[in-house]
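Step one of this worksheet: look at the structure below.
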Amino acid sequence: MTDALHHRSITAHAAALRAGEYSCEELTRHFLARIEKSERLNSLITVTAEGALAQARDADRALRQNGGDGDSAGALTGIPLVHKDLFCTRGVLTSCGSKMLENFISPYDAHIIEKLGAAGAVSLAKSNMDEFAMGASTETSYYGAARNPWDEARVPGGSSGGSAAAVAAGLAAAATASDTGGSIRQPAAFCSLTGIKPSYGRVSRYGMVAFASSLDQGGVIARSAEDAALLLREISGFDARDATSLREEVPDYPNLLNGGGGGGGSPPLSGMTVGLPKEFFGDGVAEDVAAAAQTAAEQLQKLGAKICEVELPNSAAAVPCYYVLAPAEASSNLARFDGIRYGHRAAKYADLNDFYERTRAEGFGAEVKRRLLVGAFVLAAGYYDAYYIKAQKLRRLIAEDFARAFEKCDILAGPTTPQTAFALGEKLGDPVAMYYSDIFTNAVNLAGLPGISIPAGFDRAGLPVGLQLIGRYLDEASLLRAAHQFQLATDWHLRAPENFS
């Protein structure tokens with residue numbers, strides 16, 4: 001465990017900044033110094049040191065107003081964050097980890113960037129990621145693979161691996177991330193962090209470069225459920241610029257972390273029932289991972305929750321279903337990257353068709369090309385009914401499985417991933433094996449549900465194990481409450497990688 005400045009919680013930083021223990025500028029310089037010393041992780045693409053220091057000075061001025069009580073300051077004033085490099089950030093390179101956008105300077109801020117800026121957060125850098133969020137290891141990035149701080153010979157997960165590696169290494173207090181099929185929860189599990197993917201529509205996707213529009217959702221990676229609750233409250237809410245954004249009141253997540261329970265001295269999770277999907281504990285799950293998840297479930301039971309077994313009979317089909325629908329949507333979304341309006345463009349070409357072909361061949365990496373080809377195929381005449389329509393029907397069945405499970409329980413719990421972090425290069429030559437690292441997370445996106453991964457222990461090799469909690473639609477509060485109570489009773493989330501403590 002560690003109580004080092006760079007591993008403190010957001011709540012602790014906020015209290016210290018308001019009390020004047022250190023300034024926002026001092027805290028920002030501390031993180032920038034750590035970033036400079038940790039380049040070997042390759043977790044960041046663009047560091048915005050000058051802008052971060054300017055924001056920090058503004059934050060200090062805000063905290064000094066009204067006699068220093070900080071009344072005019074936002075909830076995140078002075079808190080240094082990094083942002084996944086698919087969130088458009090005004091005046092800053094937004095590359096999506098791709099050569100296609102290696103020179104794209106965004107002219108506007110994404111909704112998430114706006115909201116966090118309004119809350120007073122300091123933007124330190126843009127984090128590395130799998131190209132256009134297509135990957136599960138952050139190895140498909142044009143800027144090279146990111147490394148896991150717990151074992152630098154292993155991947156930090158993907159596609160938000162840069163965000164996870166940066167937070168785990170103490171390069172930022174927290175990070176924004178996105179999740180299309182597990183890209184927040186899987187890296188959080190690999191790096192012993194808390195990562196929450198909200199319900200579809202809870203957080204606006206405006207300014208988040210699209211991969212698969214019906215699956216993408218922005219979220220956060222943080223050290224604890226308490227930090228995640230604060231961040232989620234700040235980034236949630238209706239946005240007229242996103243047609244899928246929900247007109248729903250945003251719960252005050254931080255103030256609900258200790259709510260519920262039986263009262264009168266009853267355990268904090270009294271009245272909550274946790275379902276364990278039997279499919280999440282079967283073949284293909286590493287023994288250490290299953291054991292840690294089972295022990296975590298027993299801890300939830302000690303906290304007052306009832307435990308029951310449930311079934312998700314179509315969960316095994318989630319990966320093939322996902323890899324029909326996601327590439328289909330990607331083939332449409334990425335058609336805009338043609339070298340005409342912005343982005344990479346071929347220097348030599350014979351005619352317009354040759355220009356398009358060369359530009360896209362040069363600009364996209366191998367994994368993106370693979371998915372675009374799959375997507376174009378399943379949408380082609382003669383194959384649309386056989387693949388795309390069938391996958392949509394299966395998606396409905398998967399959602400119905402969750403609905404039946406939630407008739408018996410309030411939340412679901414199981415391993416976030418079937419194995420812990422794998423070695424760099426281990427699965428690059430076997431895309432299908434890579435895809436199955438998200439076997440427990442894909443279904444959550446297909447159903448539009450909220451999911452969170454929290455630290456739940458370590459395997460025999462000392463690698464982190466994540467516990468995934470899945471909730472009913474728009475019930476992030478129950479997930480955060482269960483995660484927070486679990487973290488009050490355990491110390492897994494307080495541990496830091498030895499080389500970055």
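For reference, positions follow the sequence shown, starting with 1. Atoms considered below: every heavy atom in the structure, side chains included; atoms not considered: hydrogens, waters and symmetry mates.
- Stacking of Lys99 on the aromatic ring of Phe364 is not recorded, the 6.0 Å distance cut-off and the 45° axial limit not both being met.
- A cation-pi arrangement is present between Arg247 and Phe238 under the rule of less than 6.0 angstrom and at most 45 degrees off the ring axis.
- In this structure, His6 and His30 have parallel ring planes: the angle between them is below the 30° cut-off, well short of the 60° mark.
- Taking 4.0 Å as the cut-off between side-chain N and carboxylate O, Arg345 and Asp338 do not count as a salt-bridged pair.
- Under the 3.5 Å distance criterion, the side-chain polar atoms of Ser163 are left unmatched by any main-chain donor or acceptor of Ala177.
- Between the Thr77 side chain and the Gly120 main chain, no donor and acceptor come within less than 3.5 Å of each other.
- Of the candidates Phe211, Tyr142, Phe337, Phe132 forms a ring-ring contact (aromatic ring centres under 6.0 Å, His included) with just one, namely Phe337.
- Between Glu114 and Arg241 a salt bridge is recorded (basic side-chain N to carboxylate O distance below 4.0 Å).
- When every heavy atom of Pro80 is checked against every heavy atom of Leu27, the shortest pair comes out as CD-CD2, 3.6 Å.
- For the pair Gln468/Leu412, no side-chain contact is recorded, criterion being any heavy-atom separation below 4.5 Å from C-beta on.
- With respect to Asp85 and Lys126, a salt bridge is recorded, a charged nitrogen being found less than 4.0 Å from a carboxylate O.
- No side-chain donor-acceptor contact under 3.5 Å links Thr417 to the backbone of Pro415.
- Ion pairing between a basic and an acidic side chain is recognised when a charged N comes within 4.0 Å of a carboxylate O; Arg202 and Glu248 show no such pairing.
- Within the 3.5 Å criterion, the main-chain N or O of Gly304 finds no donor-acceptor partner in the side chain of Gln485.
- The closest donor-acceptor contact from the side chain of Asp130 to the backbone of Ala133 lies at 3.5 Å or more, if one exists at all.
- Side-chain atoms of Asn42 never come within 3.5 Å of backbone atoms of Asn128 as a donor-acceptor pair (strictly under, hydrogens ignored).
- Ring centers of Trp150 and Phe500: at least 6.0 Å apart, outside the cut-off.
- One N or O on the side chain of Asp60 and one on the backbone of Cys24 form a donor-acceptor pair closer than 3.5 Å.
- Annotation: cation-pi geometry not satisfied between Arg90 and Tyr108 (NZ/CZ under 6.0 angstrom from ring centroid, within 45° of ring axis).
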